[in-house]
Protein chains: 2
Amino acid sequence: MNETVAMGMAGLTDIESLSGSLAQRVYQSLREAILSLALPPGTVLKKGALCEQLGVSRSPVSEAIARLSQEGLVDVIPQSATRVSSFSMEEIREACFLREALETTAVEKVARQRTEEQLTQLSRNVRLQRLLVEDGDFSGFYTADEEFHELIMEFTGFPGVSLVAGNVSLQLKRARMLLLPEEGRPAGAVKEHQRVLDAIRAGDPAAAQAAMKAHLRQLIPRLEPLERLHPEYFRSR
Amino acid sequence: MNETVAMGMAGLTDIESLSGSLAQRVYQSLREAILSLALPPGTVLKKGALCEQLGVSRSPVSEAIARLSQEGLVDVIPQSATRVSSFSMEEIREACFLREALETTAVEKVARQRTEEQLTQLSRNVRLQRLLVEDGDFSGFYTADEEFHELIMEFTGFPGVSLVAGNVSLQLKRARMLLLPEEGRPAGAVKEHQRVLDAIRAGDPAAAQAAMKAHLRQLIPRLEPLERLHPEYFRSR
DNA sequence: GCGCACCAACTAACATGTTAGTTGACACAT
DNA sequence: ATGTGTCAACTAACATGTTAGTTGGTGCGC
């Protein structure tokens, strides 16, 4: 009757538009839906239903769910059901700790071995951030922000660093979706990024590490209130 | 004819002796065999053959292989074959970097929040290490060594830290199997552990971090020569 | 009304059948 | 002899059938 039926019960991106094996596409589709909260915590995922909606058989769906389970995005209750995992503040704190470990160590290394080209890229990114904030383009700023951190990790010369960081920060990424844009926060973040960049340019590893730590530490206090603002997404686990 | 046939082509631990779902058991069996080099890099894993040897169907084997693939222990060539992944010195360096990031940050935190109980456990562990080295029990020392690092990560209060560290250090763990016990190295390691412990006890985060870093940095130079000592395990990737 | 055993419906887990892509060998043309 | 096209054999990937464990409800005993 309405398009909700046509597209299935939830906003899964059509796997036609993705590349790779079927299992890979199903995984990406589910992952994106979970991270964007289109599939909120607690949602039950039924293999049968997913197969129908995506037009595939259970094999690729099973593989996708297995991966999501390993990454902690879904909880599989053996022989019974599988649901999108709930937030847990403790897990979020843990993710912050892990992210801090990776990024501070990364920036420390980058500050020691930076090249002119890298400084240029980082500088360009930070200036872009400033522009986007001035224009009030918060979505664009969010992307540029992520790119800033991504760049630093890439510049370590170890491609796996950002991959691991991404996996470890999955819960963080999801929780950030609940954050409302806070007055003056983006501008503050840009300043902090600038300090990180300055320290990298100065070739001061300790300062870069400290600046990055100071920046990342801003996140937890902003996430803490979520537990009582959105209790329906939390608990258990 | 001989027992090699009876147990299959390779030293896979019988899944009967493990717990959990079939897929889980198959995964553990394969993982152990790969990490212990019973299945050396380059070995081709055929689903059909594995099913026969383990006495299960292809479903759990597929799931196990998918997990191993995600962890980088096997390379799957689509529609063609899957083989145990080769070492790459670059990956090993990367793993060292990641491990250093996690463990130095962990020890820094632990030095700040240590309890008497934790100091007791660490002290007991280090004294045990000394005993084992004196007795020449290198295998026992290896276990105690791993436990020391494990303890520190646990003491952060974040159970996921040691899990992540374990995952990123898989290649390291495998590469260490190729290391021959080096004269005086265990004794040196004990001394370094002692320094880490001293700094933790003193409540000196910076010193603890530095001591841990100094300790972990010993590993790479010992691993570097492996590339030419065992070229058959390296390359590609 | 209330607890407990039983049962039916549903689910993930496992087994097996089918498809399609890759690889290497062999015949053939050059 | 050598490069090339064809093809058969083999593999992972996908689809589907089967099993076994969980869950919630229903009726029976109390």
Side-chain angles (χ1 to χ4, degrees), chain A residues 8-10 12 14-31 34 39 42-85 236-237, chain B residues 8-10 12 14-31 34 39 42-85 236-237:
Chain A
M9 78 166 184
L12 293 179
D14 197 335
I15 60 172
E16 301 294 336
S17 62
L18 299 167
S19 61
S21 69
L22 269 184
Q24 179 73 14
R25 281 182 276 174
V26 173
Y27 164 76
Q28 282 180 21
S29 173
L30 285 172
R31 177 188 151 114
I34 293 173
L39 295 175
T43 308
V44 269
L45 298 179
K46 295 181 212 182
K47 280 187 185 168
L50 288 173
C51 294
E52 260 185 75
Q53 289 175 36
L54 296 169
V56 299
S57 80
R58 291 169 313 201
S59 301
V61 173
S62 293
E63 190 174 326
I65 288 184
R67 281 186 67 178
L68 293 168
S69 166
Q70 204 187 341
E71 290 171 348
L73 290 180
V74 303
D75 292 331
V76 176
I77 298 133
Q79 308 286 5
S80 172
T82 132
R83 59 182 67 191
V84 178
S85 66
S236 81
R237 241 151 125 32
Chain B
M9 79 165 183
L12 295 178
D14 196 336
I15 61 172
E16 301 295 335
S17 63
L18 299 168
S19 63
S21 70
L22 269 183
Q24 180 72 16
R25 280 182 277 174
V26 172
Y27 165 75
Q28 283 181 19
S29 173
L30 284 172
R31 177 187 152 115
I34 293 173
L39 294 176
T43 308
V44 247
L45 297 180
K46 295 180 210 179
K47 278 187 187 168
L50 288 174
C51 293
E52 259 185 72
Q53 289 175 38
L54 296 170
V56 299
S57 80
R58 293 174 314 219
S59 302
V61 173
S62 294
E63 190 176 326
I65 288 183
R67 281 184 66 178
L68 293 168
S69 165
Q70 202 186 343
E71 291 171 348
L73 289 181
V74 303
D75 293 331
V76 176
I77 299 132
Q79 309 286 5
S80 172
T82 132
R83 58 182 69 189
V84 178
S85 66
S236 82
R237 239 153 129 31

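The basis for the numbers below is simple: all heavy atoms, side chains too, and nothing from hydrogens, waters or symmetry mates. Letters A, B, ... mirror the listed sequences (proteins, then strands); counts begin at 1. These numbers were taken from a predicted model, which means no experiment stands behind them.
- Rounded to whole Å, the distance from CG on B:Leu54 to P on C:dC14 is 13 Å.
- The interatomic distance linking A:Ile15 (CD1) with D:dA13 (C1') rounds to 14 Å, in whole Å.
- At whole-Å resolution of the value, CD in B:Glu52 and P in D:dT11 are 11 Å apart.
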Between A:Leu30 and A:Leu50, does a side-chain contact (heavy atoms from CB on, under 4.5 Å) hold up when you go through it step by step? CA-CA 10 Å; A:Leu30 285 172; A:Leu50 288 173; 4.1 Å; yes
Kindly determine whether A:Ser62 and A:Lys47 satisfy side-chain contact (heavy atoms from CB on, under 4.5 Å), including the steps that lead there. CA-CA 7 Å; A:Ser62 293; A:Lys47 280 187 185 168; 3.1 Å; yes
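- Side-chain contact check for A:Gln24 versus A:Leu18: every heavy-atom pair is 4.5 Å or farther apart.
- For A:Lys46, a side-chain nitrogen or oxygen approaches OP1 or OP2 of C:dT11 to under 4.0 Å.
- Here the straight-line distance linking atom NZ of B:Lys46 with atom CZ of B:Arg83 works out to 11.0 Å at 0.5 Å rounding.
- When rounded to the nearest whole Å, the span between OH of A:Tyr27 and C1' of D:dA13 equals 19 Å.
- Side-chain N/O atoms of B:Lys47 include none lying less than 4.0 angstrom from OP1 or OP2 on D:dC10.
- Under the 4.5 Å side-chain criterion, counting only non-hydrogen atoms from C-beta, A:Leu12 is in contact with A:Leu39.
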Could you walk me through whether A:Ile15 and A:Gln28 pass side-chain contact (heavy atoms from CB on, under 4.5 Å), step by step? CA-CA 8 Å; A:Ile15 60 172; A:Gln28 282 180 21; over 6 Å; no
Using a 4.0 Å heavy-atom cut-off, write out nucleotides 15-25 of chain D from 5' to 3' as B (base contacted by protein), S (sugar-phosphate only) or - (no contact). BBBB--BSS--
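- If you check every strand for non-hydrogen atoms under 4.0 Å, A:Thr82 touches sugar and phosphate atoms only.
- In this structure, CD of A:Glu63 is placed 7 Å from P of D:dA13, rounded to the nearest angstrom.
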